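Every value quoted in this text rests on a predicted model; they were computed, and no experiment measured them.
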Amino acid sequence: MKRVIHYLLKGLTILLPLVMTIALVHWFLVTIETWLRPIWESILGTQYYFPGLAFLSFVVIALIVGYSARWRFINKMWQLPGSIMEKMPLLRSLYGTINDVFDLMSGKSFSDESVVLVTLPGADVKLIGIVTKRSGEKNDRLSAMLDDDHIAVFLPMSYNVGGYMLIVPRTSVETLDMSPADAMQLTISGGLGKNRNNVEDD
């Protein structure tokens with residue numbers, strides 16, 4: 001019986017990530033197809049439309065938007081809808097959280113020394129964290145609260161969408177040679193991620 005349970009758990013660890021990934025990709029493709037297909041059918045007609053055109057057009061649109069954001073005026077124009085959503089009480093928290101997650105995963109606004117190993121004061125416990133704020137940043141409320149010798153560090157939680165923000169002394173952290181995206185993957189997976197070789201050797 002123990003061997004059967006072992007094989008079952010082994011099979012689940014193999015199949016569940018695969019099934020969840022496929023389901024997420026399927027949801028994304030169906031959503032894009034549902035939104036853009038009517039537009040293409042109204043332009044080309046149903047006889048000239050082929051499955052996948054909506055997704056291809058979405059990729060092209062994303063490339064064009066990303067390329068055009070190089071110019072300051074156009075970049076401000078693309079950011080206008082987000083600025084409006086950030087002023088709406090119901091959408092502000094949701095949009096801000098999603099936007100912050102994408103910024104975190106892409107490494108935007110983070111320096112090369114953003115990923116750190118935090119030693120909790122009075123303990124030998126070490127945690128991987130990402131420096132989110134330092135003192136001296138203009139027009140930032142959290143930065144104004146920090147002393148010169150303290151920094152704000154985000155500590156992701158394993159197998160959970162969340163974490164903790166700690167304000168710790170600079171002497172309690174040491175820099176890791178790792179990108180924020182790799183740090184997130186490593187910590188969220190509970191150390192089972194594949195990006196272990198990016199950590200600096202002691």
Side-chain angles (χ1 to χ4, degrees), residues 11-112 114-115 130 132-133 137-142 154 156-163 165 178-189 192-195 198:
L12 290 176
T13 59
I14 295 174
L15 292 176
L16 286 181
L18 180 63
V19 171
M20 293 177 64
T21 301
I22 294 175
L24 181 61
V25 173
H26 177 265
W27 170 83
F28 177 74
L29 293 177
V30 169
T31 301
I32 297 301
E33 188 79 7
T34 302
W35 287 359
L36 296 182
R37 179 170 183 167
I39 299 176
W40 279 112
E41 287 183 344
S42 63
I43 297 175
L44 302 177
T46 56
Q47 65 274 24
Y48 294 107
Y49 180 84
F50 60 89
L53 179 59
F55 176 73
L56 291 176
S57 62
F58 178 79
V59 172
V60 172
I61 292 173
L63 288 172
I64 293 175
V65 171
Y67 181 81
S68 63
R70 298 186 310 161
W71 293 284
R72 182 177 301 177
F73 172 77
I74 298 180
N75 185 42
K76 289 184 178 180
M77 182 181 67
W78 290 128
Q79 292 181 357
L80 181 60
S83 300
I84 295 175
M85 293 180 67
E86 288 180 344
K87 295 180 180 179
M88 301 176 66
L90 296 178
L91 298 177
R92 178 173 53 195
S93 298
L94 178 60
Y95 174 79
T97 301
I98 295 175
N99 197 38
D100 289 343
V101 169
F102 273 95
D103 287 348
L104 182 64
M105 296 301 294
S106 64
K108 181 180 178 181
S109 300
F110 291 101
S111 65
D112 294 335
S114 292
V115 181
I130 301 173
T132 56
K133 284 293 185 296
E137 298 182 16
K138 295 182 179 180
N139 302 322
D140 188 275
R141 180 166 36 175
L142 178 58
F154 173 70
M157 297 175 61
S158 298
Y159 296 99
N160 202 338
V161 182
M165 193 277 290
M178 185 186 303
S179 69
D182 288 343
M184 288 287 290
Q185 179 182 346
L186 184 65
T187 52
I188 290 177
S189 66
L192 298 176
K194 302 299 189 297
N195 293 319
N198 288 333

Side chain to side chain donor-acceptor pair (under 3.5 Å) involving Y48 - partner list, sequence neighbours excluded: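 In terms of side chain to side chain donor-acceptor pair (under 3.5 Å), with neighbours along the sequence ignored, Y48 is linked to no residue.
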Summary of salt bridge (Lys or Arg N to Asp or Glu O under 4.0 Å) pairs that have at least one residue in residues 38-60, sequence neighbours excluded: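 Every pair satisfying salt bridge (Lys or Arg N to Asp or Glu O under 4.0 Å) with a residue in residues 38-60: R37-E41.
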From I84 atom CD1 to Q79 atom CD, the distance as rounded to the nearest 0.5 Å: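 So the CD1 of I84 and the CD of Q79 are separated by 12.5 Å.
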Distance in Å, L44 CG paired with Y49 OH, rounded so as to fall on 0.5 Å steps: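 Those atoms lie 9.5 Å apart.
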Closest approach of [X] to [Y] (non-hydrogen atoms, all atoms of both residues):
X    : Y    : result
N75  : A69  : CB-O, 3.4 Å
P81  : W78  : CD-O, 3.2 Å
L186 : M178 : CD2-CE, 4.0 Å
E33  : P51  : OE2-CA, 4.2 Å

Within 6.0 Å of CH2 in W71, more than 12 heavy atoms from elsewhere: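 Count over threshold, so yes.
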Kindly list each side-chain donor-acceptor pair under 3.5 angstrom involving residues 55-67, sequence neighbours excluded, with atom names and distances?
unit_1: S57; atom_1: OG; unit_2: W40; atom_2: NE1; d: 3.0
unit_1: S57; atom_1: OG; unit_2: L53; atom_2: O; d: 3.1
unit_1: S57; atom_1: OG; unit_2: A54; atom_2: O; d: 2.6
unit_1: Y67; atom_1: OH; unit_2: R70; atom_2: NH2; d: 2.8

